[in-house]
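Notes follow the structure.
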Amino acid sequence: MAALVGGRFGPICGKELRKLLQKRLQKRTTTTPSSSLQVQSGSPTLSGISHHQYSTFSRLYICLRPQVPVLVSSTQSVSTATRAAQVLRLVKIRYVVIGSAVAGGATLKMKYESWKERLPDMSWLSDLVPDSERSRRVVADLKHYMSFVKLPEKGWLKSKVATIKGALPELKEGLIPIPDLLSAGSQRIDIASPTEKVNSPLSVALNSSEEGSSTESQKTAKNEEKDHLEKVQDEFMEAQLRYQREIERLEKENKRLKKSLLLRGDKNAVRKEKKSLIDMYSEVLDTMADFDDNYKMLDHLPRVVVVGDQSSGKTSVLEMIAQARIFPRGAGEMMTRSPVKVTLSEGPDHIAQFNDSGKVYDLTKETELKALRKEIELRMKGSVQEGRTISTEVISLSVRGPGIQRMVLVDLPGMISTVTTGMAADTKNAIQELSKRYMNNPNAIILCIQDGAVDAERSIVTDLVSSVDPSGKRTIFVLTKVDLAEKQSANPSRIRQILEGRLFPMKALGYFAVVTGKGNTDDSISTIRMYEEQFFRNSQLFKSGTFKPNQMNTQNLSFAVSDCFWKMVRESVEQQADIYKASRFNLETEWKNNFSRIRELDRDELFERAKGEILDEVLCLSEITPKHWEEVINTVFWNRVAGLVFEGIYIPSAQSDDAGTFNTSVDIKLKQWAEQNLPQTSVEVGREALMKEFDRLIEKSKANKDSDVVYDKIKSAVKEEGISRHKWQTNAVDSIKVIQLNALEDRSVHDRQQWDEAISFMENTLKQRLKETEAKINEMNGPGTTERWTHWKSLTQDQVNRRQTQEELEKLFQSEAKHKPHLSADEITTVKKNLQTKGVDVENEFICETWHPLFRKHFLQNSLSLASECRRGFYHYQRDLNDDSGVNCHDVVLFWRIHRMVQLTSNVLRQQIMNTEARRLEKEVKQIMEDYSDDRETLEKLLTGRRVDLAEELKKVRHIQEKLEEFIAALQKEKV
């Protein structure tokens, strides 16, 4: 069979027949050797026939048959071969049949494809015809809804319905047309078109009945029919309200089930609640708000911007959507003074939380609601600068709760028409500019709130919204306080015109009518909702068709706003991600071109590195040797007190005629100094020495080749701030005072080494003061002859007068070697007259100013000579022979006492610096760095330059792009 199917049956069959025939002929030859004809096994007559010529085998066999003796057995073999040949002929037919079938199938397929291509494209029908699942669901909802509507048993309506039903063709269940009026009870209400006009069948019937009543006899029937219609209309309204309540009951049950599921303890559920889709989106908005505050280039992500006139009820609408009274309110005064961004999301508990705070407010408790409103009010007032009425600083708040629609809303200050007392002069313009700033975002959804209780002509917000969004492609209009509007309006058609978009020049995606309460600020959200439901149930405007079911109540509004918000998000978020991707590429290219060899560090990372370097330099204070500290303190201390020592103690006391008077004067002055000013001056010297070394280390680090110049400003700022903050411990003053008094009271020089130290200290000090004095005199006299010739300088008239006066004063020192520090009146008169004879006329003050540096120079030169003479006078001092030797060395003893006091004071200050003050300074520097790290504005001033700004932009752009990509992935996952 396999050979037959495979097409090899013919050759195999011929081969087998030949074998069978050869066997029989060989047997026949062996049994009949006298036969006249013998057939050899290798005869070409049979064996030479090819197996491809099996179809001619039978004819060859017939030709050979008369020459071969026929036996019974051979006759049977021949008949078998004949039948086999016939079978072979039939088998050949399969090739024709199979070939025809294959060719016909291919031709048919080509014809089908050609016919299919010529058919018109009917794919557009799929957009118009609902799928079977939705049709089945709509039919089920219609059947359930119609079960509440009962027609009267008698009357014209019953007969009319029967007549219409009989005239209509039978439709399949999935194709029953559903009126828009009956779709108002569904959970998701599409935004109605402002020009859509829906007339109920009852209204059509009523109009037909009214037009047909022309005779008196028909008036009675018309009244009866009108009564029936009103009754049916009431029943219809009651059925719709029952249907709405049933939906709300199911929603509450759904919320309860969701809450129990989230609180079950499932880790995955908890993690999803913490990282919900709307929370991720809110994080993206917060991150982008810092990067682009004006929405000019990058931040075009959607948010719902709530605008309206002051006291129009916009805050109440937000509270109805958030299902909690979370905003502060006042009677006719401005309460919203800054933008408030509210992120609404679904969660198991009804809570609120500020984005920058960990405190959670339970919105089911009235006490915490009051605390939340108070905190929002305090934040608003704190954000307003002095002299302003509103602020642009955004207050970010998150509200979670069961059944809350996910979206991000921004509540803005209400529009005002007049600036009242207490407001800034530009408040009106500032509010409009702030509103435009948010509305100019091309993807922002504008929730325009209009007070229905005031005249439409008094509206301010509608003109502003119309100028920003003239086509109304992203505006939703909300008419509040429609309960008051119904009571006050004498012309209901105006309300109809508003809700149909024909009264205001602005256009909108949808129009809604809501009730935000009775005006009592203490009413809860549930109370307001019950009042809103009761109003629309009994509203004559609804019964007359002015209010459409899908345009009423805040629940339908929240559904519509949420749907529009997420639709806008899905359309714009990927485009926003592409913008940031391109911006990132441009910034990275700029960095590679300009700072390719520098590591990319943002402002925070640079600050951490600068902080490390500064703290290292502060730690180096503890590595300074005691010897170096004492040298620094000695230098600073002597520079601070040298002037007082010379001008207040040494020079006045040196004018005494004898040693006793000199020592007495010195003792008195030193004691007064040590008890009054010296201890406090010593503390200031210690602080100055510490700051001097700190400054030296900072400047040394700035000069280091490995240091980055970006850190220079912050190092200088830390140094100055550390100097201003560091205060020396006051408890060291008393101990220093005791040490200094003891040192200054001791007038004994114990050995020759101390004597030599005193003389060296005295000579060095005198030389330094003499050098300073001579420099001052040269400055007064002007340049000398050599300097005038080499530097082309000349003397001024004042300098010429100084020189002449100095010559006259020098004569006084010649006449009296030990002159008093001050000139007498006679001496001044004499000098003045001598100058007048030379043609120089000067005042007495001019002569005194010239005298003081000359006297100091003369005195220092004499003291320096005395110090040189006293170098060999220790022997006379030790044996108290100064008076006999003719050399008075009491000056050396004075300088030794001061030198000893300076040494002891420096030692005490050094110990306090190394043990206490350096560590305190280190802590203060650390605190300064911590304060800087929290002060973003200060860091931006201290770490500047294009390199820093570029790194900051790159960091922010990367972060925003990652957040956007994460949100897009989560959004796509939710769509799947």
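- Looking only at distances, no side-chain donor or acceptor of Glu588 sits under 3.5 Å from a matching main-chain atom of Phe585.
- Taking 4.0 Å as the cut-off between side-chain N and carboxylate O, Asp426 and Arg388 count as a salt-bridged pair.
- Note that the CD1 atom of Ile714 and the OG1 atom of Thr938 stand 9.5 Å from one another [nearest 0.5 Å].
- Ser466 is linked by a side chain to side chain contact (heavy atoms under 4.5 Å, CB included) to Met506, counting only residues two or more places apart in sequence or in another chain.
- In this structure, CD on Glu937 lies 10.5 Å from CG on Leu942, to the nearest 0.5 angstrom.
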Test log, rule side-chain contact (heavy atoms from CB on, under 4.5 Å), inputs Ile278 and Trp566 = CA-CA 10 Å; Ile278 190 64; Trp566 284 106; 3.8 Å; yes

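- For the pair Val710/Arg609, no side-chain contact is recorded, criterion being any heavy-atom separation below 4.5 Å from C-beta on.
- No donor-acceptor pair under 3.5 Å is formed between the side chain of Ser391 and the backbone N or O of Ser338.
- The side-chain heavy atoms of Val515 and Phe536, taken from C-beta on, include a pair separated by under 4.5 Å.
- Taking both residues in full, the closest heavy atoms of Pro339 and Val410 are given as CB-CG1, 4.2 Å, listed atom of the first, atom of the second, then distance.
- Taken to the nearest 0.5 Å, the CG atom of Asp469 stands 11.5 Å off from the CG atom of Leu464.
- A donor-acceptor pair shorter than 3.5 Å cannot be found between the side chains of Ser316 and Thr516.
- With a 4.5 Å cut-off on side-chain heavy atoms, Asp451 and Ser311 do not count as touching.
- For the residue pair Asn553 and Asn556, the shortest heavy atom distance occurs at OD1-N, 2.9 Å.
- Every residue two or more places apart in sequence or in another chain that forms a side chain to side chain contact (heavy atoms under 4.5 Å, CB included) with Lys365 is listed here: Asp362, Thr367, Glu368.
- Atom CD in Glu346 sits 8.0 Å away from atom CD in Gln405 (nearest 0.5 Å).
- Both tests do not hold together for Lys611 against Phe607: distance to the six-membered ring centre under 6.0 Å, angle to the ring axis within 45°.
- Proximity of Gln450 to Val461: side-chain heavy atoms (C-beta onward) are separated by under 4.5 Å at one or more points.
- Looking at Lys581 and Glu965, their side chains never come closer than 4.5 Å, going by heavy atoms from C-beta outward.
- Side chains of Asn586 and Glu590: no donor on one and acceptor on the other come within 3.5 Å.
- Nearest heavy atoms, Leu277 versus Ala970: CD1-CB, 3.6 Å.
- Between the side chain of Glu574 and the backbone N or O of Asp578 there is no donor-acceptor pair closer than 3.5 Å.
- If you check the side chains of Ser398 and Asn355, you find a donor sitting under 3.5 Å from an acceptor.
- Two residues are said to be in side-chain contact when any heavy atoms from C-beta on lie closer than 4.5 Å; Leu479 and Tyr511 fail this criterion.
- Of all heavy-atom pairs spanning Ser583 and Val957, the tightest one is OG-CG2, 4.1 Å.
- Of the residues listed (Leu447, Thr336, Val478), the one engaging Lys314 in a side chain to side chain contact (heavy atoms under 4.5 Å, CB included) is Thr336, and it is the only one.
- A side-chain donor-acceptor contact under 3.5 Å links Ser383 to the backbone of Met380.
- Residue Pro442 comes nearest to His300 through the heavy atom pair CD-CD2, 3.7 Å, listed as atom of the first residue, atom of the second, then distance.
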task = Dump the intermediate steps for side-chain contact (heavy atoms from CB on, under 4.5 Å) on Leu412 and Met439, then the final yes or no.
result = CA-CA 11 Å; Leu412 298 176; Met439 291 190 296; 5.6 Å; no

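- Note that the CD1 atom of Ile460 and the OG atom of Ser417 stand 4.5 Å from one another [nearest 0.5 Å].
- Residues Val468 and Asn440 are in side-chain contact: their nearest non-hydrogen atoms beyond the backbone lie under 4.5 Å apart.
- When each of Arg529, Arg373, Arg325 is tested with Glu319 by the rule salt bridge (Lys or Arg N to Asp or Glu O under 4.0 Å), just one qualifies, namely Arg325.
- Side chain of Ser562 to backbone of Ser558: no donor-acceptor contact under 3.5 angstrom is found.
- Summarising the local packing, CD of Glu366 is surrounded by more than 12 heavy atoms from other residues, nucleotides or ligands at distances under 6.0 Å.
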inquiry  = Using side-chain contact (heavy atoms from CB on, under 4.5 Å), reason through Ile404 and His350 one step at a time and then give a plain yes or no.
reply    = CA-CA 9 Å; Ile404 295 180; His350 202 186; 3.8 Å; yes

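- Atom CZ of Phe595 is surrounded by more than 12 heavy atoms from other residues, nucleotides or ligands within 6.0 Å.
- Comment: Asp279 engages Arg400 in a salt bridge, judged by a side-chain N to carboxylate O separation of less than 4.0 angstrom.
- Counting heavy atoms from C-beta on, the side chains of Ser345 and Tyr281 never come closer than 4.5 Å.
- A distance-only check finds no donor-acceptor pair linking the side chain of Thr475 to the backbone of Gly472 [under 3.5 Å].
- Checked options Arg946, Arg947, Arg958, Arg936; the residue passing with Glu952 is Arg936 (criterion: salt bridge (Lys or Arg N to Asp or Glu O under 4.0 Å)).
- Defined by atom type and a distance below 3.5 Å, a donor-acceptor pair is missing between the side-chain atoms of Glu533 and Gln555.
- Of the inter-residue distances, the one linking Gln323 atom CD with Ile528 atom CD1 reads 12.0 Å to the nearest 0.5 angstrom.
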ask   = Between Leu301 and Leu964, does a side-chain contact (heavy atoms from CB on, under 4.5 Å) hold up when you go through it step by step?
value = CA-CA 10 Å; Leu301 287 179; Leu964 283 171; 4.0 Å; yes

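- At a cut-off of 3.5 Å, with distance as the only test, a side-chain donor of Ser282 or Lys341 sits close to an acceptor on the other residue.
- In summary, the side chains of Tyr531 and Asp483 do present a donor paired with an acceptor at a separation below 3.5 Å, with no hydrogens or angles considered.
- Nearest heavy-atom pair across Phe327 and Val340 is CE2-CG1, 3.7 Å.
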